[in-house]
Amino acid sequence: LERLRGEDGAVLFRLLWGYSPQQLEDGAAQELVEALGSPSMDIRVLAYQNLHRIVEKTNSYLPELEPNRQQREILNWQRDLENGQIAYKKSPPELP
């Protein structure tokens, strides 16, 4: 991915892994919310998919739209982050 996508490749690869509850507490939740404002639609899509899987809601965010058209929706995710609500609703599946 890094060879094909440059700097975005490392971010995309990390987003594909998913996140543990501990990683979310250690700052990954903030990284996911920040990624919603990325100029790269690929990064926005993967960040959104992770957040949706974790909290089981959308906040009406649409990753296919440019971030400047999603300011209210991104603010809703930031509010959730500030309120400690970026956490798994259900326990994530265990990795083998």
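The first residue in the sequence is number 1, and the count goes up from there.
- A pairwise comparison of heavy atoms in V33 and Q78 identifies CG1-CG, 3.6 Å as the closest pair.
- Listed here is the closest heavy atom pair of L15 and I43: CD1-O, 3.7 Å.
- Here the shortest heavy-atom pairing between G18 and N50 reads CA-OD1, 3.5 Å.
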Dump the intermediate steps for side chain to side chain contact (heavy atoms under 4.5 Å, CB included) on N59 and D80, then the final yes or no. CA-CA 10 Å; N59 278 341; D80 288 349; 2.9 Å; yes

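- Between R44 and P39 the shortest heavy-atom distance is NH1-O, 3.2 Å.
- Placement of L75 and W77 in two distinct hydrophobic clusters is found when ILVMFWY residues are connected by side-chain heavy-atom separations under 4.5 Å, directly or transitively.
- The minimum heavy-atom distance between P67 and G37, with the atom names listed, is CG-O, 3.5 Å.
- Applying the side-chain contact (heavy atoms from CB on, under 4.5 Å) criterion to I54, with sequence neighbours excluded, gives L24, L32, Y88.
- Hydrophobic clustering of Ile, Leu, Val, Met, Phe, Trp and Tyr side chains at less than 4.5 Å, counting indirect connections, unites W17 with L46.
- Q70 contributes a side-chain N or O that, together with a main-chain N or O of L62, makes up a donor-acceptor pair within less than 3.5 Å.
- Under the 3.5 Å distance criterion, the side-chain polar atoms of Q23 are matched with a main-chain donor or acceptor of S20.
- Closest heavy-atom contact between T58 and H52: CG2-CD2, 3.6 Å.
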E73 vs L65, test: side chain to side chain contact (heavy atoms under 4.5 Å, CB included). Steps then yes/no. CA-CA 11 Å; E73 292 79 5; L65 297 179; over 6 Å; no

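- Using a 4.5 Å heavy-atom cutoff, the side chains of R14 and Y19 are in contact.
- If you take CD on E31 and CD on E34, they are separated by 7.0 Å, rounding to the nearest 0.5 Å.
- Surrounding CD of E56 are more than 12 heavy atoms belonging to other residues, nucleotides or ligands, all under 6.0 Å away.
- Ring planes of Y48 and Y61: tilted class, angle from 30 to 60°.
- In Q85, the CD atom is crowded: over 12 heavy atoms of neighbouring residues, nucleotides or ligands sit closer than 6.0 Å.
- Remark: Q30 CD to E82 CD distance equals 9.5 Å, nearest 0.5 Å.
- Clustering ILVMFWY residues whenever any of their side-chain heavy atoms sit less than 4.5 angstrom apart, transitively, puts I74 in the very cluster that holds V55.
- Atom CG in N76 sits 11.0 Å away from atom CG in L36 (nearest 0.5 Å).
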